[in-house]
Amino acid sequence: MTIRKIIIDTDPGQDDAIAILLAIASPENLEILGITAVAGNVPLSQTQHNIRAVCELAGFDAINVYAGCNKPMLRTLATAEHIHGKTGLGGADLPCPQMPLQDTHGVDYIINTLRKEPQDTVTLCTLGPLTNIATAFTRAPSVVRRTQEIIMMGGAYFEVGNVTPTAEFNIFVDPEAAKIVFNSGIPIVMLPLDVTHKALVTENRQTAIQALETPVSKVVANWTGFYERFDIEKYGSLGAPLHDPCVIAYLIQPSLFSGRFLNVEIETQSDLTMGMSVADWWGVTNRTPNTKFISDLNDNDFFDLLTKRLARL
């Protein structure tokens, strides 16, 4: 099996943190070239801190972490402390990280890496707003054609929105950035709320993670226990949906997921539907398909993969 070279672009968030842990635990599948922070669930100062703390939790302190954009391209930053807690990692306090934050800006790191690595060998794994990616593509258009693929958590269609009636948080925070990315021509795999809301940490799955009895598993269980309170109250769900780990699981075992290739456009003009990801599910327009829209997963096998990989850390 070919090892995929990836850059993780993220705004942790408990589910982002679990996605990072899953990637770290999967070296036979993924080579993490670097991790870039973006403002989203919490401000940039906290997201870059959280990334480093999570890497140290997993004993992965040799990786380079870069701080990227501290606000959307054209808008005021919206954050989600009401869901993730003040630090973004509510439920488990991690030690202050000792590993350094790199001096290079995250956008410059993305550009430099895509220029340095052979063409079509680097996949961008985006777990937050797409500000860093769109800024890199705008600043250095030549790197667009060098990108192998974008695997993103973001958007929704049949599940509508989780921050407005029509918009998912990652897209809503920076819809202009999302529009640039979806119009880039790069192969995109989109894991929207339609699939991530099926990746629920039920009581049995929480128990299986706790039963690992490792420092990492205890932290993960505390994160999901904290995080689920919001979704249980809002959606009446059986537990916390693990949005962002779906991105990493797709890279490791894409057969867990299914969807269809279609066109997705991002709304940037309407106050009523700002940030909506409009998916042409039935092919009723003449717009060219640009996205593999994932709509279903084998949730039992997904959690089996996650639990076995977490046991490695």
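Note that the structure is predicted; figures quoted are calculated from it, not measured. Sequential numbering from 1 along the given sequence is applied to the chain's residues. Computed from heavy atoms alone, side chains included, the values below leave out hydrogens, waters and symmetry copies.
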Starting from the C-alpha separation in whole Å, work towards a yes-or-no answer on side-chain contact (heavy atoms from CB on, under 4.5 Å) for Ser277 and Glu168. CA-CA 8 Å; Ser277 48; Glu168 179 273 332; 5.8 Å; no
Could you check whether [Y] and [X], counting side-chain N and O atoms only, form a donor-acceptor pair closer than 3.5 Å?
{"X": "Thr104", "Y": "Gln102", "result": "no"}
{"X": "Thr135", "Y": "Thr138", "result": "no"}
{"X": "Gln148", "Y": "Asp120", "result": "no"}
{"X": "Ser258", "Y": "Asp296", "result": "no"}
{"X": "Thr224", "Y": "Gln206", "result": "yes"}
{"X": "His243", "Y": "Asp15", "result": "no"}
{"X": "Thr36", "Y": "Asp9", "result": "yes"}

CD-SG distance between Glu149 and Cys125, expressed to the nearest 0.5 angstrom: 9.0 Å
Should Val122 and Arg146 count as side-chain neighbours, where that means a heavy-atom distance under 4.5 Å? no
Using the rule given for side-chain contact (heavy atoms from CB on, under 4.5 Å), can you reason through Leu251 versus Asn29, listing the C-alpha separation, both sets of side-chain angles and the distance that settles it, and then say yes or no? CA-CA 8 Å; Leu251 277 165; Asn29 305 107; over 6 Å; no
Please answer whether the main-chain N or O of [Y] pairs with a side-chain N or O of [X] as donor and acceptor at a distance below 3.5 Å.
{"X": "Asp304", "Y": "Asn300", "answer": "no"}
{"X": "Asp16", "Y": "Asp244", "answer": "no"}
{"X": "Thr126", "Y": "Gly128", "answer": "no"}

Would you call the rings of Phe293 and Tyr157 parallel, tilted or perpendicular if under 30° counts as parallel and over 60° as perpendicular? perpendicular
Correct closest heavy-atom pair for Gly259 and Ser295 would be CA-OG, 3.8 Å
Taking only Lys NZ, Arg NE, NH1 and NH2, and the carboxylate oxygens of Asp or Glu, determine whether Lys5 and Glu117 approach each other closer than 4.0 Å. yes
